[in-house]
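Below is one structure, written out as structure tokens; comments come after it.
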Amino acid sequence: MAKKILIVDDEVHIKMLLEQTLEELEDEFEVELFTASDGEEGLDFIQKKRPDLVFLDIMMPKMNGYEVCSVVKEDETLQGVKIILLTAKGQEVDRKQGMELGALMYMTKPFDPDEILRVSKEALDL
């Protein structure tokens, strides 16, 4: 069964860059990639499709990444969903808040595509 990765970001160019980076996993490991443009859309996808890994921006319209992460981590039916917060918010207090909400990892933008691939493979046991 193919593993699913969801990218949730309201910035189109960031979403495209992440997709291009992760396409290597699609080809090599049959990973499926999906995208969402805001927190509400992302949460809806997570609840319906249960992706294995989510790259989640924090500052988004409708519902921010902290809110999405909190809802997912409080829902016992979604316990297998791993969340990596990928954000421009680089303060220690922001990182701490994200980790306390249950994120697997907190990464700041700009990101290194090789690092994105490495952490994705590790998170998905590829």
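The figures that follow rest on heavy atoms only: side chains count, while hydrogens, waters and symmetry mates do not.
Judged purely by atom type and a 3.5 angstrom limit, K82 has no side-chain atom pairing as donor or acceptor with the backbone of V54.
For the atom pair OG1 of T21 and CD of E115, the computed distance is 12.0 Å after rounding to the nearest 0.5 Å. Atom-to-atom distance recorded for Q97:CD and E92:CD is 12.0 Å, nearest 0.5 angstrom. A distance of 11.5 Å separates OG1 of T108 from CG of L85, quoted to the nearest 0.5 Å. Note that NZ of K15 and CG of D57 are 10.5 Å apart. Values are rounded to the nearest 0.5 Å. Separation of atoms CG (N64) and CE (M59) is listed at 10.0 Å; rounding is to 0.5 Å. In this structure, NZ on K49 lies 11.5 Å from CG on L6, to the nearest 0.5 angstrom.
Between P51 and F34, the closest side-chain pair of non-hydrogen atoms is not below 4.5 Å. The side-chain heavy atoms of L101 and S70, taken from C-beta on, include a pair separated by under 4.5 Å. You'll find the side chain of Y106 reaches within 4.5 Å of the side chain of T87, heavy atoms only.
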Inset, instruction - Let me see the working for T77 and R50 under side-chain contact (heavy atoms from CB on, under 4.5 Å), right down to the final yes or no. - result: CA-CA 9 Å; T77 65; R50 296 181 187 210; 3.5 Å; yes

Legend entry - side-chain contact (heavy atoms from CB on, under 4.5 Å) between I83 and C69, intermediate numbers included: CA-CA 7 Å; I83 294 178; C69 187; 4.1 Å; yes

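A salt bridge between D38 and K62 is present, with a side-chain N of the basic residue lying under 4.0 Å from a carboxylate O of the acidic one. A salt bridge links K48 to D44: one of the charged nitrogens lies within less than 4.0 Å of a carboxylate oxygen.
Its side chain within the 4.5 Å cluster rule, L22 clusters with I5, I7, I14, L17, L18, L25, F29, V31, L33, L53, F55, I84, L86, L104, M105, M107, F111, I116, L117, V119, L124, L126 among the Ile, Leu, Val, Met, Phe, Trp and Tyr residues.
For M16, the CE atom sits in a loose shell: 12 or fewer heavy atoms of surrounding residues, nucleotides or ligands are nearer than 6.0 Å. Atom NZ of K96 has 12 or fewer neighbouring heavy atoms from other residues, nucleotides or ligands inside a 6.0 Å radius. No more than 12 heavy atoms of other residues, nucleotides or ligands sit less than 6.0 Å from atom CD of Q91.
The two residues M60 and V8 have their closest heavy-atom pair at SD-CG1, 3.6 Å. Here the closest non-hydrogen pair linking K73 and V81 is NZ-O, 2.7 Å. Listed here is the closest heavy atom pair of A36 and E41: CA-OE2, 3.5 Å. Taking all atoms of both residues into account, the shortest heavy-atom contact from E30 to A2 is O-CB, 3.0 Å. Taking all atoms of both residues into account, the shortest heavy-atom contact from K89 to I58 is CD-CG2, 3.8 Å.
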